[in-house]
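The next block holds one structure in the form of structure tokens; read it before the comments.
The analysis underlying the following values was restricted to heavy atoms, covering all of them including side chains, and did not include hydrogens, waters or symmetry mates. Ligands are counted one by one from 1 in listed order, and the atoms in each one are counted from 1 as well.
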Amino acid sequence: MCGIVGYIGSDNASDIIIDGLKKLEYRGYDSAGIALQKNGQILVHKYKGRIANLEAAIEGKDLYSHCGIGHTRWATHGAPSDVNSHPHTNGDGSIAVVHNGIIENYTELKEWLIAEHGVEFRSETDTEVIAHLVGLYYDGDLMDAVYKAAEKMRGAYAIGAICNKEPDKMVAVRKDSPLVVGLGEGCNFIASDIPALLRYVRKIYLIENNETVVLTKDEVKIYNADRKEVHRDVFHVTWDADAAEKEGYDHFMIKEIHEQPKGLYETLHRRLLEDDSIKLDGITITKEEIENLDKVYIVACGTAYHAGLIGKFAIERFARIPVEVEVASEFRYREPLINEKSLFIAISQSGETSDTLAALREAKSKGARVLSVVNVVGSSVARESDDVFYTWAGPEIAVASTKAYTTQLMCMYLIALHMAKEKGVMSQEEYLGYIRDLKEIPEKLKKILRSEKAIHEMAKDLYKTEQVFFIGRGNDSAVSYEGSLKLKEISYINSFAIAAGELKHGTIALIEKDTLVISLAAQDHLFEKMLSNIQEVKARGAYVVGLAKEGNTEIEKQADRVIYIPECRDELTPLLSVVPLQLLAYYIAKLRGCDIDKPKNLAKSVTVE
Ligand code: M6R
């Protein structure tokens, strides 16, 4: 997590850096700071709290500078405080660094710096070690000092560094944390992610692992771990900077909920040929390779993992290939039995999630083919995969993932249908039926969004609750995990999801008078079973909100409140049923006065373990 931005050019660095940091607040927002070259000195301003605090603190100060680095933080080592905020400097303040990642051997390095070099530490962070190391090795060449410091460090990092003795230079280095370089006219930039730079540049260098970059205002040079200069093709950004603005919505989350019909339309129609066959751009896995697959592993974190659960249903149901779904943080350390006959599917909105990336590397090292479903073009997961299938959700800014999830589902359905066709286990007629139904999803979703007001009204009756259970079966159970995560992460209500049939094996002990139970009964073939589960919790006094397809009005006899979704075949209901849950979470959080786009303790892109 954390976001870094650096600028070198002729304009006012602090304005540009702060503007860029605001676009990276999704990566962390518990403190922010800036270091600027000015009159042979490095000026540092850093404060606990949002970037707005930093802005207010420096307002009116003469900070005009042509070069600087900035940081927005998600604390890993040391609580959010002014002193723990980045940038960090060496002892005499001649060098400043910003860092995204974790230095795993920082304790060892810190002890060594104190014992052998008498270094005095000011903060509790791992990052301060970097500043002192660079300072220790500095002998007139910042690049050399950064290289030597990097050789000492273990862990993940994207680092930006400046030195007062070289005011016209900035050095950056990356290992396992994202870093991009923006190429301007008479100015250059570094950043953790492209949106920070979109207002200024469209030409980007995507920096690879273990590369070091030296920037002046007119030149950018990239070097590999052996200090050899490397060539990099320019990546031209084509997407719209406005996509990262709220456009009149109160929050990015609600804007992104409303963008789902468009995202789903794009994700589907960009892959459909005139005859409705699917052309999986970016996927080169052959028919023969699909036929020979023993197993599919789907690995991801958080919401993307929940999309993977639906992916399992789809691939097993359509293509008849066994699928294991696992959270990446577990997969990476359990020595999985994956091999060259396995397909590993990584799902990630950001494409930078540390655990997902590590799991992907583990799968590759065992010979598995790696396919990724990713939203951010050119991200690390995308670049390290054999095949990439992009979700066309557009930039997702709110920490709570919504449109990334539904477009991930669409991708998983398309991959599953493609596999089924290639394996010859689905008839053309059945296949065309699914495609026809998928095409109807965006319009059906618009219909759900038109009932937003009713969900808002429902939220008014529910927002004071402090405990919620989500239950469902099959696909609905997977969607209930996502509904529950949405609610807890933005409203801080203690929310728990469980397969409805499992409830009676323990968790039902927690159901008492007025306990809120949101019961998903969106599949016809499990509808009656769900009615029984609703009765079980009603018998213990629960207050039940049911979710069902239009026409399944029987649920009104059991549930206290009902949300309907349009008619849809059972296998595809997750594309619709999650949306009322997203809306409910949003309005409950809003009524509770929560900071919806930036929930406490979270960050959009989890680039640390
Ligand atoms: O960028 P990714 O899709 O890899 O991120 C995975 C999770 O960190 C993410 O989905 C997280 O759970 C969201 N906050 C959920 O809304």
Side-chain angles (χ1 to χ4, degrees), residues 1 3 24-29 74 176-178 192-195 251-254 256-257 260 263 298-311 325-332 345-360 372-385 388-391 393-409 411-412 478-479 481-492 495 497 578-579 581-586 589 594-609:
M1 352 269 255
L24 297 184
E25 253 190 319
Y26 73 86
R27 304 179 66 85
Y29 36 79
W74 186 87
D176 294 339
S177 291
S192 298
D193 197 0
I194 294 170
H251 298 96
F252 279 111
M253 183 180 176
I254 191 70
E256 288 161 5
I257 287 173
Q260 292 181 105
I298 304 179
V299 177
C301 304
T303 288
Y305 165 73
H306 297 154
L309 295 173
I310 303 293
V325 197
E326 196 166 352
V327 288
S329 52
E330 289 298 314
F331 180 90
R332 63 184 290 191
I345 303 182
I347 308 180
S348 176
Q349 187 286 130
S350 62
E352 300 294 349
T353 302
S354 165
D355 285 323
T356 307
L357 205 47
L360 179 159
S372 61
V373 173
V374 180
N375 195 39
V376 177
V377 177
S379 55
S380 301
V381 169
R383 279 184 282 154
E384 294 193 27
S385 300
V388 188
F389 200 42
Y390 283 111
T391 45
E396 191 181 64
I397 310 292
V399 165
S401 186
T402 53
K403 61 178 182 171
Y405 173 76
T406 42
T407 53
Q408 284 160 357
L409 295 189
C411 286
M412 294 315 298
V479 175
Y481 292 129
E482 177 55 12
S484 172
L485 178 66
K486 263 334 48 106
L487 185 66
K488 79 177 82 160
E489 70 181 329
I490 60 168
S491 74
Y492 318 135
S495 165
V578 73
V579 179
L581 305 185
Q582 295 169 344
L583 287 168
L584 196 60
Y586 173 78
C594 299
D595 192 347
I596 292 176
D597 284 338
K598 297 190 182 83
K600 68 177 184 214
N601 303 340
L602 299 179
K604 181 71 179 160
S605 187
V606 186
T607 55
V608 292
E609 261 201 87

Check: With no hydrogens and no angle check, is any side-chain donor or acceptor of Y492 less than 3.5 Å from a backbone partner on K600?
Finding: yes
Next item on the list: Return the residue, atom name and 0.1 Å-rounded distance of the protein heavy atom closest to atom 14 (N) of ligand 1.
Entry: E489 OE1, 2.9 Å
Margin query: Measuring from atom CG of L24 to atom CD1 of I194, what distance do you get when rounded to the nearest 0.5 angstrom?
Written below: 11.0 Å
Margin query: Does ligand 1 come near enough to V399 that some N or O of the ligand is less than 3.5 Å from an N or O of the residue?
Written below: yes
Next item on the list: Distance to 0.1 Å, residue and atom name: give those for the protein heavy atom nearest to atom 5 (O) of ligand 1.
Entry: T353 OG1, 3.4 Å
Check: Among protein heavy atoms, which sits nearest to atom 8 (O) of ligand 1, and what does the distance come to when rounded to 0.1 Å?
Finding: V606 CG2, 3.9 Å
Notebook entry, point to check: Of S350, A585, A300, which has the heavy atom at the shortest distance from atom 1 (O) of ligand 1?
Noted result: S350
Notebook entry, point to check: Which ligand 1 atoms, with their elements, are less than 4.0 angstrom from a heavy-atom of S401?
Noted result: 15 (C), 16 (O)
Next item on the list: Determine whether the side chain, the backbone, both or neither of E352 has a heavy atom under 4.0 Å from any heavy atom of ligand 1.
Entry: neither
Checklist line | Option whose closest heavy atom lies nearest to atom 7 (C) of ligand 1, chosen from C301, G351, S348 | finding: C301
Next item on the list: State which residue, out of K486, E482, Q260, K403, fulfils the side-chain hydrogen bond (donor to acceptor under 3.5 Å, both in side chains) condition with Q582.
Entry: Q260
Margin query: Give me the nearest non-hydrogen protein atom to atom 3 (O) of ligand 1 as residue plus atom name, then the distance to 0.1 Å.
Written below: Q349 N, 2.6 Å
Next item on the list: Mark yes or no for whether E352, through its side chain, and S380, through its backbone, hold a donor-acceptor pair below 3.5 Å.
Entry: yes
Next item on the list: Looking only at protein heavy atoms, identify the closest one to atom 11 (C) of ligand 1 and say how far it is in Å.
Entry: T303 N, 4.2 Å
Note to self: Is there a polar contact between ligand 1 and T356, counting only N or O atoms under 3.5 Å apart?
What the structure shows: no
Notebook entry, point to check: With atoms numbered from 1 as shown, which atoms in ligand 1 lie under 4.0 angstrom from a non-hydrogen atom of K486?
Noted result: 15 (C), 16 (O)
Margin query: Once side chain to side chain donor-acceptor pair (under 3.5 Å) is applied, do any residues pair with S491, and if so which ones, sequence neighbours excluded?
Written below: none
Item checked: Flag, side chain of W74 to backbone of N601, donor-acceptor distance under 3.5 Å -> yes
Next item on the list: Please could you name the atoms of ligand 1 that A400 approaches to less than 4.0 Å, counting only its heavy atoms?
Entry: 16 (O)
Checklist line | Atoms in ligand 1 flagged as close to A304, the criterion being non-hydrogen separation under 4.0 Å | finding: 3 (O), 10 (O)
Note to self: Just verifying a value: how many Å separate M412 CE and F389 CZ, rounded to the nearest 0.5 Å?
What the structure shows: 10.0 Å
Notebook entry, point to check: Side chains of S372 and S385: do they bring a donor and an acceptor to under 3.5 Å?
Noted result: yes
Next item on the list: Please name all residues satisfying side chain to side chain donor-acceptor pair (under 3.5 Å) with Q349, sequence neighbours left out, ordered by chain then number.
Entry: N375
